[in-house]
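The block underneath contains the structure these notes are about, expressed in structure tokens.
Lettering follows sequence order; numbering is per chain, from 1.
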Amino acid sequence: MIEFRMPSLGADMDAGTLVEWYKQPGDQLARGDIIALVETQKGAIEIEVFDTGTLDRIDVEPGRKVPVGTVLAQIRGPGEAAGPAPAVAPPPAAAPPAEPAEKPEAAPVPPMPVPAVSPRRLGAAEGRLRVTPAARQRAAGSGIDLSAVEPGADGVIGLREIEAAGTPAPQAAARRPGLDLGEMRKAIAAAMSRSHREIPHYWVGRTIDVTALFDWLAAENARRPVASRLLYAAPLARAVALALKTAPELNGHLVEGDFVPAEAVHLGIATALRGGGLVAPALHDVDSLDLDGVMAGISDMVPRARAGRLRSSELTDATATLSNLGEDTSDMIMPLIYPPQVAIVGCGAAVARPWIVEGQVGPRRVMVVTVAGDHRVSDGRLASRFLSQLDDILQKPEAL
Amino acid sequence: MTDEQLMDLVTGTLFSVAPDLEGETVDPDQTFRAQFEIDSMDFLNLVIGLSRKTGIEIPEKDYPKLQTPRAAVAYLREKGTA
């Protein structure tokens, strides 16, 4: 019988609330199936199961908050007999388990900031206030008390009404259960403070001519129907993943002083959330997916990140991260590494600049790509070789 | 379709792309990006949704014509009657 325990989804996670079971005793389970929804201080996370078998018994009912490591359910392997059913439901004050909390898979657990918003529909269960979800998030992040905000003419509190209310003193952070861009900001603060404190960072940057990439992309998208079009983030992620295969010291985890290189590239995709949050869930196997697969993965994951509906493996499995600022942002970014990863790749906006091509000045589209590396594991020369590889790969977008 | 119906279509598609905006007042003349931090991922999904609902194929080169709700309505009206 396999014990399925409350996983740890971040170094500062100590407990989670079981919200809903998606499987019932008797259901068949395959590795990677989503078995339950758990609410943590960082948001609602869909928990995946690691083992194949049959769900034998549920030990924690919805609504209970339990420490990381608490046994949530029993899974019986193929061929095992069913276990006895408990006579009574376990008492609410469950003692914490004796052994340290760890995921069955023993993968390193980074303190990734996670969306802290349960999806709620307008008008549900918040008393008489009618507030849009976006406004609620903005208010929580700014410490604004919604009961003091004047609704609009239609009786609804939206983003405009929040903006009209002005910003209160920073210490007046209103804490409302279940919402909390405020809590997310704390999680980001904890993760980035730890990064800054523990990781000796170095940065190298290279300005890459991405004219070929964008010309190729425009031609591709012109011949594709709208539903199959590619955002430039997809070939960029593919190119970064392929370049990381040539620089193993940038792809993996530093665990208790030892660097463990990763076999595959599970690329964390830094995703900005409306209202100011940031999360970088992992897109798995970007080195093996084709371009359409990467685009499908991004299109699926980014909206779920914004809706606060990520999966546990997306929070814990990233082997390196890509922070692509996007259009109309800045020329470059000096990003911080998400521990226990050892590198992060930053991309500025792709802008038109005068450039030298074959001895002549001409207009080109260029992007500043930076790499932050953990100096305990790699150095600037290696990171520079990575950038050179990335440059070469981006000059042949048709091969991505 | 009337312009009002087209506007409902545009805002409805916006809310399905970004459910956290459900209930927000939409300014017809401000860009999606300025009002709601709509980025290229959201915008692509918006275009896909509009294309699906109207049957109009929207090429990438026409994206600059759909930056505000009112501009999107005008574009859909023009292409719908072409």
*What do the steps show when you test Val226(A) against Arg52(B) for side chain to side chain contact (heavy atoms under 4.5 Å, CB included), and what is the final call?*
CA-CA 9 Å; Val226(A) 64; Arg52(B) 197 169 278 152; over 6 Å; no

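- The nearest pair of heavy atoms linking Glu60(B) to Ala218(A) is OE1-CA, 3.9 Å.
- Note: Ser299(A) OG to Ile48(B) CD1 = 6.5 Å, rounded to the nearest 0.5 Å.
- Residues Glu57(B) and Arg229(A) are paired through a salt bridge, judged by an N-O separation under 4.0 Å between the basic side chain and the carboxylate.
- Once rounded to the nearest 0.5 Å, the distance linking CD1 of Ile298(A) with CE of Met41(B) reads 7.5 Å.
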_From CA spacing to verdict: side chain to side chain contact (heavy atoms under 4.5 Å, CB included), Thr132(A), Leu21(B)_ = CA-CA 6 Å; Thr132(A) 69; Leu21(B) 297 176; over 6 Å; no

*Could you walk me through whether Leu44(B) and Met295(A) pass the side chain to side chain contact (heavy atoms under 4.5 Å, CB included) check?*
CA-CA 12 Å; Leu44(B) 178 59; Met295(A) 184 63 200; 3.7 Å; yes

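- Of the two parts of Ser51(B), only the side chain, counted from C-beta on, holds a non-hydrogen atom closer than 4.5 Å to a non-hydrogen atom of chain A.
- Residues Leu231(A) and Ser40(B) approach most closely at CD2-O, 3.7 Å, considering heavy atoms.
- Residue Gln5(B) qualifies as enclosed at atom CD: its count of foreign heavy atoms under 6.0 Å is above 12.
- Ion pair Arg306(A)/Glu37(B) not flagged as a salt bridge, since none of the NZ, NE, NH1 or NH2 atoms sits closer than 4.0 Å to an Asp/Glu carboxylate oxygen.
- Under the 4.0 Å criterion applied to side-chain N and carboxylate O atoms, Arg274(A) and Asp39(B) are not assigned as salt-bridge partners.
- In the displayed structure, Arg224(A) atom CZ is contacted under 6.0 Å by more than 12 heavy atoms of other residues, nucleotides or ligands.
- Residue contact with chain A, scored on non-hydrogen atoms closer than 4.5 Å, is absent for Phe15(B).
- For CE of Met332(A), the number of neighbouring non-hydrogen atoms (other residues, nucleotides, ligands) closer than 6.0 Å is 12 at most.
- Of the possible polar contacts, one joining the Glu24(B) side chain to the Leu159(A) backbone as a donor-acceptor pair under 3.5 Å is found.
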